[in-house]
Amino acid sequence: MSRGRERVVALVDMDCFFMQVEQRLDPQLRGRPCAVVQYTEWQGGGIIAVSYEARAFGVSRGMWASEARALCPELALARVPQARGKADLTRYRDASAEVMQVLSRFAAIERASIDEAYLDLTGTARDRLRALQGGPVPAALLPSTFVQGLPGDPGPESGGKEELRQRGLHEWLASLSFDNPDCPDLQLTMGAVIVEEIRVAVEEATGFRCSAGISHNKTLAKLACGLNKPNRQTLVSARFVPQLFSQLPVSSIRNLGGKLGTAITDILGVEYIGQLTQFSETELQTHFGDKTGSWLYDLCRGIEEEPVKNRYLPQSIGCSKNFPGRTALATQKAVQHWLLQLALELESRLNKDRSQNHRVARQLMVVIRQQGDTRVSRFCALSRYDAQKMCNDAFTLIQNCNAAGMQQAAWNCCSGKRLSALPNAACYVCSGGSSTNVLSEETSLPPLARYYSSPVCLHH
DNA sequence: CATTACGTATCC
DNA sequence: GGATACGTA
């Protein structure tokens, strides 16, 4: 078996998840152009999820509701609930847990975010192929599957997308020899059959639709998932990776959407991920470090070995609020007020987590953001789930940063290694052993500085 | 002013 | 231990 084709990995991603949660709650929103906003004072609120009907009008995430309405006057809006003066995402976290529970019936899952999870289906696919005993996989078992790269010749006068999908799928199935259960393409095909079943189960249990990618590793599965949204799944075989990568912008690969991706295109003068195959592993390591260089060398050939972790729960619990522009917190009282609101939310979520998941947070982190997006973080021990205490501790940590912040030049002190030299600064104590989770809280603060605030560490 | 509110991983 | 990067609703 060729390297990199050992596993069957799937990524399941909910379609405009927050929007679907709101549509399930309010049937009037279904099938319409709509969006989810948080807050409403500034420009009607910020859009964080958009139905596909609204996307057709050009509405997108990150827009202000006022801009979106200009593009789509009929746009219906749902609002994120508020509690303690801030956006409260509980509704979506709970919906996420419903989805994760269904996914967990089929395989160990790695929760990748609130609305997506990776599954390693290698063993399950192998079992199902064995049960098939060399028989064919009927196209009817893959009703929403696209095979990337097929049909090979779309033809001059092709019909709609569904017709193309079916032609591609039939070409694919016709190309497989079903007598060899070790054939990686056959394993992916069975993986896709299983994912069809998983997606039906998710919709049946939750009412939510999703898309999925099926391939040999996490990066390809993630990429595949995005190729035919919404409510469809895509199989990416190693067979078609060279063709797919030859015109795929570097930035469309997971982890390459930011600075690393920009560095790659700038330094190497390439546009597409496939062009990286021209460079030696050593060259890539020279520019991007040993680990990243080796990762890139394999990745541009469609190979990646990062395992699907068995992790169902989030590793940290946090909350944050920004205070942009003139809403910046100006007084000590205001800072304490908002820290307490954040700590109250944290306390509530921590208590729920402890009783449901039998683990305990041990570390509190406070993050402060200044103008220009400068962030400073500080840790301390979290010994009790007590909002007032967390608030006081966080404030103590923040005060030190704020004092330094008063003298502009001293800010570097705060973010540097001299932290422990600052008065009252050091209180981080990570409990030994199995301490794992970090819970965070974030806020924005006063005059010169804007602040985030804090996390915490959990153990089982 | 104002892309908010999360969450994870890696580097040094 | 803290900074930094990356990613998505």
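Below, chains carry the letters A, B, ... as their sequence lines are ordered, and counting in each starts from 1.
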Exercise. Just jot down the salt bridge (charged side-chain N to carboxylate O under 4.0 Å, His left out) partners of A:R165, sequence neighbours excluded, or say none.
Key: A:E162

Quiz prompt | Per A:K321 side chain, nearest of listed nucleotides B:dT8, C:dC6, B:dA5 | solution = B:dA5

Exercise. Determine the contact category for A:R111: base if any of its heavy atoms lies under 4.0 Å from a base atom, sugar-phosphate if only primed atoms, P, OP1 or OP2 are that close, otherwise nothing.
Key: nothing

Quiz item: Can you check whether A:F17 stacks with the C:dA9 base, using ring centres under 5.5 Å and planes within 30°?
Solution: no

Self-check item: Geometric cation-pi criterion A:R301 and A:Y297, 6.0 Å radius, 45° cone
Solution: yes

Exercise. Answer yes or no on whether A:K161 is positioned over the face of A:F146, meaning its NZ or CZ is under 6.0 Å from the six-membered ring centre and within 45° of the axis.
Key: yes

Practice problem: Measure the distance from CD on A:E67 to P on B:dT3 and round it to the nearest whole Å. | Solution: 9 Å

Quiz item: NA contact type, A:E116, heavy-atom cut-off 4.0 Å: base, sugar-phosphate, or nothing?
Solution: sugar-phosphate

Self-check item: Which nucleotide in C:dT8, B:dT8, C:dA3 has an atom nearest any side-chain atom of A:D115
Solution: C:dT8

Taking distance alone, no hydrogens or angles, what donor-acceptor pairs closer than 3.5 Å link side-chain atoms of residues 37-48 of chain A to residues at least two apart or in another chain?
{"from": "A:Y39", "atom 1": "OH", "to": "A:A87", "atom 2": "N", "distance (Å)": "3.0"}
{"from": "A:Y39", "atom 1": "OH", "to": "A:K321", "atom 2": "NZ", "distance (Å)": "3.4"}
{"from": "A:Q43", "atom 1": "OE1", "to": "A:S66", "atom 2": "OG", "distance (Å)": "2.7"}

Quiz item: Taking CZ from A:F323 and C1' from B:dT3, how many angstroms apart are they, rounded to a whole number?
Solution: 17 Å

Quiz item: When all nucleic acid strands are considered with a 4.0 Å heavy-atom cut-off, which category describes A:I47: base, sugar-phosphate, or nothing?
Solution: nothing

Exercise. Would you tell me if any nitrogen or oxygen in the side chain of A:Y92 comes within less than 4.0 Å of OP1 or OP2 on C:dT8?
Key: no

Exercise. Find the distance A:I114:CD1 to C:dT8:C1' and express it as a whole number of Å.
Key: 10 Å

Practice problem: Have a look at A:R254 and say if it touches a base, only the backbone sugar-phosphate, or nothing, with a 4.0 Å heavy-atom cut-off. | Solution: sugar-phosphate

Quiz item: Rounded to whole angstroms, how far apart are CZ on A:R209 and C1' on C:dA9?
Solution: 20 Å

Exercise. Would you classify A:G46 as touching base, sugar-phosphate or nothing, given that sugar-phosphate means primed atoms plus P, OP1 and OP2, and contacts are heavy atoms under 4.0 Å?
Key: nothing

Quiz prompt | Pairwise C1' distance for C:dT8 and B:dT3, with rounding to whole Å | solution = 12 Å

Quiz item: A:N322 side chain N/O closer than 4.0 Å to the phosphate oxygens (OP1, OP2) of B:dA2?
Solution: no

Exercise. Consider the side chain of A:Q315, meaning its heavy atoms from C-beta on, and name the nucleotide among C:dC6, B:dT8, C:dA9 that approaches it most closely.
Key: B:dT8

Quiz item: Can a side chain N or O of A:S113 be found less than 4.0 Å away from OP1 or OP2 on B:dG7?
Solution: no

Quiz item: Which is true for A:R91 with a 4.0 Å heavy-atom rule: it touches a base, it touches only sugar-phosphate, or it touches nothing?
Solution: nothing

Self-check item: Comparing A:R326 and A:K86 on DNA chain B - which has the more 5′ nearest nucleotide
Solution: A:R326

Quiz item: Can you find an N or O donor on one side and an acceptor on the other, under 3.5 Å apart, linking the side chain of A:Q38 with the base of B:dT4?
Solution: yes

Practice problem: Select one nucleotide: of B:dA2, B:dT4, B:dA9, the one nearest the side-chain heavy atoms of A:I48. | Solution: B:dT4

Quiz item: A:I114 versus A:R111: any side-chain heavy-atom pair under 4.5 Å?
Solution: yes

Self-check item: Distance, rounded to the nearest Å, where A:Y39 contributes OH and B:dC6 contributes C1'
Solution: 11 Å

Quiz item: Counting side-chain heavy atoms from CB outward, which of C:dA3, B:dA5, C:dG1 is closest to A:A87?
Solution: B:dA5

Quiz item: Cut-off 3.5 Å, side chains only: do A:S211 and A:D15 have a donor facing an acceptor?
Solution: yes

Quiz item: Between atom CE in A:M63 and atom P in B:dT3, what is the gap in whole Å?
Solution: 13 Å

